[in-house]
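Read through the structure below, which is laid out as C-alpha cells, and then see the notes.
Just so you know, these numbers come straight off a predicted model, no measurement behind them. Protein chains get the first letters and strands the later ones, always in sequence-line order, with residue 1 at the start of each.
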Amino acid sequence: MTKQPSRTIKVDTLARVEGEGALYVKLKGDLVQDVKLKIYEPPRFFEAFLRGRHFSEIPDIVARICGICPIAYQMSAVHAIERALGVAIDPSVRMLRRLFYCGEWIESHALHVYMLHVPDFLGYSDAIAMARDHQAVVQQGLRLKKAGNRIVALMGGREIHPVSAAVGGFYKAPSKSALKELVDELTWALDASLATARWVSGFDFPDFEQDYEFVSLSHPNEYPFNEGRIVSNRGLDIDASEYEDNFTEQHVQHSNALHSVLRGRGSYMVGPMARFNLNFDKLSDVAQQAARDCGLQVPCRNPFRSIVVRAIELVFACHEALRLIHEYEPPAAPRVQACARASTGQAATEAPRGLLYHHYELDQDGLIVSAKIIPPTSQNQKRIEEDLWHFVSQVATRPTDEITLKCEQAVRNYDPCISCATHFLRLHVERD
Amino acid sequence: MALRIIGCGNIDRGDDAAGLLVARRLHARGVETPAVEIPAVEIIEHSGQSLSLMDCWTTFEQVILVDATAPSGKPGQVQVWNALVDKLPEDFFPSSTHAFGVREAVELARTMNRLPQTLLIYGIEGKQFSFAAPLSAEVEHAVASVVERLVRHVSDLLIHNSQRSPGDNLS
C-alpha cells in the first residue's frame, strides 16, 4: 500500500482579523485530518472586572472590550440591566439607540468590506497594496466608514469607546438640528452602499455551501438591532432569559476563547448571513431590492457571499439612519432613572458580527454580583472550524500556498474579532 | 506653517500609553501656541486607529507622531523615522483595531498621496502591554527624554521663524 504524503498548513499570523490567533490544518494526502482555529490571545477577564461595580459604570467599562463594536457591548449591557431593574425607556430613546447602532454597523461593515475582505477577492495582500491600483475604491471605503463614525461621534461624544450610553437612555440626547447635519453625508453613503453591493456581487465566489443553523434576533416589525426573540431556521424561538438553557460554552484546549454550541445540536452561525436569512422581509424595500439585484437568494448558504450580505446591511443601515433622523423628536428627558434592587437580567443585541449576549446579577445596592458576556466570534468559532474542514477537503488538491490563502479568506468571511472573543491569525497546514 | 504633535496609544495598556503621556506632558509644559502664531503648534492625543489618523494631519504642514513600538529586546529605545523618506518597518507598531495601526496609516497615506510635508515618527520601544499594566521604568525614562527633545524641537522652530523676515512667512 502506498503511504499518503502529509502536509501541514500553518498561518502563524492571520492578517486582517482583529486579535491574535493562528490556524492549523493537517492533511494526509488530500484528506483533512485536523483543523484548529487557535486563539492564543490571553483571556481578558472583563466579566471579573465588572464584579462589585455599580450598574451605572457598566456601559463605559464594557465599551472598552472592543474598539470597533463598543456600541454593541453598551447596548447589550444597558438592555440587560434595564430588564433586571424594570426600566422602560422613552420611545425617542429607543429610536436613538437604533441610530447609534446604525453608525456602528456602517463603520464596521465599511471597514470589513473595503479594507479587510475586498483585497481577498481582488488578489491583494492588504488594503495598502490594493490602494496602489484602486485608490478611488479605498477613498470610497474610507468615506463610508467615516459616515458611520460621524453618527457615533455625534451621539457618543467620540468615535471610539463612546461615553453617552446610560442605563435608562443617554446622558445627553442630540438636537434635531445636529442630526440633520448628517443627512447629506448619509444620503451619499446610501448611494455609495448601493454601488458597493452591485460591485462586490460581481466577484468570483467559490462554489461552497453548508447546511447551517442560523441564529439571530427576530423582531415582529423591524430588522433587528436591540430587541427581539432569539430564533433559528431549525425552530429555536426563545427569550434572551432562556439563552443559557439552550446554549452552552465549551472549553477546547487550543483556544483561549470558549466555543459556544446549541445544546444537543452543536455549531451554529451568527452574524450578517444569519440576520439576512432570518429577517429578509424586515429589510427596507431599498435593501430588499438591492439584494435581489445582486442575485442573493434566501437562504444564502455560501459564506464567501457574506461580503455581499454585509453590503446589503450597509444599504439598510444608511437608509434606516436617514429614516430615524427624519422622524426624530428629542425625548422629554434623555434618560429615566433606574432604582437599584436585587435582580437578574439578560439581553441580546445584534453586534455587526452577530448576536451578543449579556447576563448580569445585581445586589440590592445595584452592584454587580456576576456577569456573563458571550460575543459573536465565540459563537462562530466552532462553525468556522467546520467550514474550514469541509472547504479544505474541496481544495485539498491545490498547492499549499493557494490553500493557505483560501483558508484565510474563509476565516475572514466571519469578520472574526478575536480580541472580543478572548477578549491575528496564524495558519499552519500539515500534510502527513 | 502649522505643527501638530500627535501622541498615540492606549492609556490602559501599560507601555502603549507612551505616546499619550508625551502629548500630555508637552501640553503641561505649555508647548502649544495659538493658531494665529507662526508656527501654530497643536498637541493632540489619538487612539492610533489609522483610518481616522490620516484625517489628523491633512491641514498641517509638519507632523510629529509619537507611539510605542513592539518589544524587540531593548525596552525604552527611542527611534525616529522620517516617514517621507523611510518606509516604516512591519510589525514594529502594535496593531490597532482590525490590524490598522500607525504603520498602516502612514503607508496607506503614502500610497494615496496624503502625507503632510514633513512627518517624523518617534517610536518608543515598549516592554509590557497587558491591560492595566503600569508603565515600565525604561519607558518612563524614554518618555521624559522624548518630551525634552520635542520641547527643544519646538523651541528651535520658534527661534528659526522669529529670525525670518515677515515677508518670508507670506511665501
Considering residues, nucleotides and ligands other than A:H134, do more than 12 of their heavy atoms fall under 6.0 Å from its NE2? yes

Is the closest side-chain heavy-atom distance between A:L142 and B:M112 below 4.5 Å? yes

How long is the straight-line distance from NZ of A:K146 back to CE of B:M54, given to the nearest 0.5 Å? 9.5 Å

Is it the case that more than 12 heavy atoms not belonging to B:H141 sit under 6.0 Å from its NE2 atom? no

Counting only heavy atoms not in B:R24 (residues, nucleotides, ligands), do more than 12 fall under 6.0 Å from its CZ? yes

Nearest atoms (heavy-atom pairs only) where B:L108 meets A:A131: CD1-CB, 3.7 Å

Let me know if B:R114 has heavy atoms under 4.5 Å from chain A in its side chain, its backbone, both or neither. side chain

Can you tell me how far CD of A:Q135 sits from CG of B:N113, rounded to the nearest 0.5 angstrom? 6.0 Å

